[in-house]
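One structure is given here, and the rest of the page talks about it.
Every chain is numbered from 1 and lettered A, B, ... according to where its sequence line falls, protein lines coming before strand lines. Values in this document were obtained by computation on a predicted structure and should not be read as measured data.
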Protein chains: 2
Amino acid sequence: MAVKAKKQGVRRASVDDRRELILRAAVEVFSRKGYTGCRIQDVAKEAQVAYGLVYHYFKNKDELLESVFATGWKGFLKLVQAEIDREEHITARVRGIVGVAFEAYRRDPRAVKVLILEVGRSPAGGSVNRGGAFSQVILAAANMFKAAQQRGELPAQLEPVLCATMLFGAIEMGLTTFVMGLLDKRDEAAIARAQEQVVETYLRGVTAR
Amino acid sequence: MAVKAKKQGVRRASVDDRRELILRAAVEVFSRKGYTGCRIQDVAKEAQVAYGLVYHYFKNKDELLESVFATGWKGFLKLVQAEIDREEHITARVRGIVGVAFEAYRRDPRAVKVLILEVGRSPAGGSVNRGGAFSQVILAAANMFKAAQQRGELPAQLEPVLCATMLFGAIEMGLTTFVMGLLDKRDEAAIARAQEQVVETYLRGVTAR
DNA sequence: CTCCGCGCTGATTCCTGAATCAACGGCGCG
DNA sequence: CGCGCCGTTGATTCAGGAATCAGCGCGGAG
């Protein structure tokens, strides 16, 4: 097939390229079929690669899907953490976090769909502790809120953990609106407006008292 | 096995009882393993019923899972719709909707987990149009918000669809906090407080302007 | 008491998909 | 120029789960 030409005519694809290729294909299939519904066959086909090669790079299905998750989530986590750590008023940090999430969505809606919409709730979870990773972000955010309360930037009577979950809930559902086609995902202005509304509504709800 | 005695000693279980039994067992397994991960074997075992009986009542796996979904969702939908239809200020209706969701959670956390956390996003969906059902509620709520805007109960610049998704996002994540064990699900007071915070934060965010 | 029918059973069949493995071929090195 | 290494291939094996079906037994009718 014509596609393979790239690894002959051009310089031979490096190992990392192939691995990456499979990983990206897996994200694609994973996002379409879900954790258990994702078949190696499909991943291989999607990546234009032999069935066996998937097993060359990954011990088994679980490890592959785990990698998909870990890779994507790690990137997201780092960005969110950076926002959490910023030395600014809580409202600025919240704005930052929402910005990170929406930006990620703009860049790769499918990956976000996988991470935000499947992670932490997929009951079909393998051995993977994805829920744990999700909790990690929630708890990090919760700590941020708690500190903000101590600085008097946030009403003290709020439960920080709930503040965190509600923030991500708001983000998630804001994005879901597009993923599910309730709003037009190609309408850049609509996405921007959604981001705005999510931030403002959340902050107003959490701040005013 | 001793368990079967109930259909001998007592009056023979009616058809509906058995069907119901299987349905409930399916909810249980479904909530643990997810759509694709749910095996008929497990459902039968959970229901203390022969493997074949599942196929006596349901054409195939898809139809079973579809029934699980349809049944549970229909019930929830009806309650939510009732709240939506109430002739009251928008804040009262929102309170009602959140109340319905939390009450349902109190009654049957597992079923809620299935419905709220899997419905509408599970990419592993079979032929089922579950996303459609989810959209239905969102859109019904969105209409409610739009009407409220026209009555001046809500700022006009808000996108009603986003108001709706954010409401359910807030509810969902409020409940997720317990499902994921971030807050103690046996602590009734904590649940009540969570409900309170979800409602108040949401309303404040959406109302004040 | 006997026979029938209906709900129910679970071993069996068939098939899908995960994981293995023996072999291929291009590339670099001697 | 030939040899061996290593990334790659895809047919094959095997486990497990969906769906089938030939009958079983209890309750009721005659």
Side-chain angles (χ1 to χ4, degrees), chain A residues 1-26 29-30 32-68 124-128, chain B residues 1-26 29-30 32-68 124-128:
Chain A
M1 280 153 197
V3 186
K4 287 181 194 167
K6 78 177 164 205
K7 81 157 190 278
Q8 294 172 349
V10 192
R11 190 169 145 11
R12 186 200 192 87
S14 83
V15 167
D16 278 355
D17 282 353
R18 298 293 258 178
R19 209 183 122 87
E20 203 79 3
L21 187 68
I22 293 170
L23 221 39
R24 236 171 305 143
V29 178
F30 188 19
R32 276 202 308 262
K33 315 270 191 96
Y35 204 96
T36 44
C38 170
R39 280 163 297 148
I40 298 297
Q41 182 63 248
D42 299 340
V43 173
K45 207 174 293 173
E46 179 72 32
Q48 307 262 21
V49 135
Y51 188 102
L53 195 61
V54 176
Y55 281 91
H56 180 70
Y57 287 107
F58 302 91
K59 198 166 102 271
N60 54 31
K61 187 181 166 180
D62 260 18
E63 194 191 290
L64 168 62
L65 298 182
E66 170 57 8
S67 293
V68 167
S127 41
V128 192
Chain B
M1 277 148 199
V3 186
K4 287 181 194 167
K6 77 178 163 202
K7 82 159 189 279
Q8 294 171 348
V10 192
R11 188 167 144 13
R12 186 199 194 86
S14 84
V15 167
D16 279 355
D17 282 353
R18 298 292 258 178
R19 207 183 123 88
E20 202 78 4
L21 187 67
I22 293 171
L23 222 38
R24 238 172 302 142
V29 178
F30 188 19
R32 276 202 308 261
K33 315 271 191 98
Y35 204 96
T36 44
C38 169
R39 278 164 298 147
I40 298 296
Q41 182 65 248
D42 298 341
V43 174
K45 206 173 296 173
E46 178 72 31
Q48 308 261 23
V49 135
Y51 187 103
L53 194 62
V54 176
Y55 283 91
H56 181 71
Y57 288 108
F58 302 91
K59 198 167 100 273
N60 55 31
K61 187 180 167 181
D62 260 18
E63 194 191 288
L64 167 62
L65 297 182
E66 170 58 8
S67 293
V68 167
S127 40
V128 192

Decide yes or no on side-chain contact (heavy atoms from CB on, under 4.5 Å) for B/Leu21 and B/Arg18, but give the supporting numbers first.
CA-CA 5 Å; B/Leu21 187 67; B/Arg18 298 292 258 178; 4.2 Å; yes
To the nearest 0.5 Å, tell me how far [X] [atom1] sits from [Y] [atom2].
{"X": "A/Lys45", "Y": "A/Arg39", "atom1": "NZ", "atom2": "CZ", "value": "7.5 Å"}
{"X": "A/Phe58", "Y": "A/Leu65", "atom1": "CZ", "atom2": "CG", "value": "9.5 Å"}
{"X": "B/Asp17", "Y": "B/Arg19", "atom1": "CG", "atom2": "CZ", "value": "12.5 Å"}

Could you give the [atom1]-to-[atom2] distance, from [X] to [N], as a whole number of Å?
{"X": "B/Leu53", "N": "D/dA22", "atom1": "CG", "atom2": "C1'", "result": "16 Å"}
{"X": "A/Asp17", "N": "D/dG7", "atom1": "CG", "atom2": "P", "result": "14 Å"}
{"X": "B/Glu63", "N": "D/dA19", "atom1": "CD", "atom2": "C1'", "result": "14 Å"}
{"X": "B/Asp42", "N": "D/dG16", "atom1": "CG", "atom2": "P", "result": "13 Å"}
{"X": "B/Tyr57", "N": "C/dC6", "atom1": "OH", "atom2": "C1'", "result": "10 Å"}
{"X": "A/His56", "N": "D/dG7", "atom1": "NE2", "atom2": "P", "result": "5 Å"}
{"X": "B/Leu64", "N": "D/dA19", "atom1": "CG", "atom2": "C1'", "result": "13 Å"}

Pairwise side-chain contact, A/Tyr55 with A/Ile40, heavy-atom cut-off 4.5 Å (strictly under):
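Yes - at least one pair of side-chain heavy atoms lies under 4.5 Å apart.
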For the residue pair A/Ala25 and A/Val43, what are the closest heavy atoms and their distance?
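Of all heavy-atom pairs spanning A/Ala25 and A/Val43, the closest is CB-O, 3.7 Å.
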The contact string for nucleotides 11-19 of chain C, one letter per nucleotide 5' to 3', using protein heavy atoms under 4.0 Å with B, S and - for base, sugar-phosphate only and none, comes out as ------SBB
To the nearest 10 degrees, the angle between the two end axes of the helix from C/dC1-D/dG30 to C/dG30-D/dC1 (five pairs per end) comes to 20°
Out of the candidates A/Asp62, A/Leu23, A/Ile22, only one should pair with A/Ser67 under the side chain to side chain contact (heavy atoms under 4.5 Å, CB included) rule; please name it.
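Between A/Ser67 and the candidates, side chain to side chain contact (heavy atoms under 4.5 Å, CB included) is satisfied uniquely by A/Leu23.
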Just N and O in the side chain of B/Arg18: are any of them under 4.0 Å from OP1 or OP2 of C/dC8?
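For C/dC8, OP1/OP2 do have a side-chain N/O of B/Arg18 under 4.0 Å.
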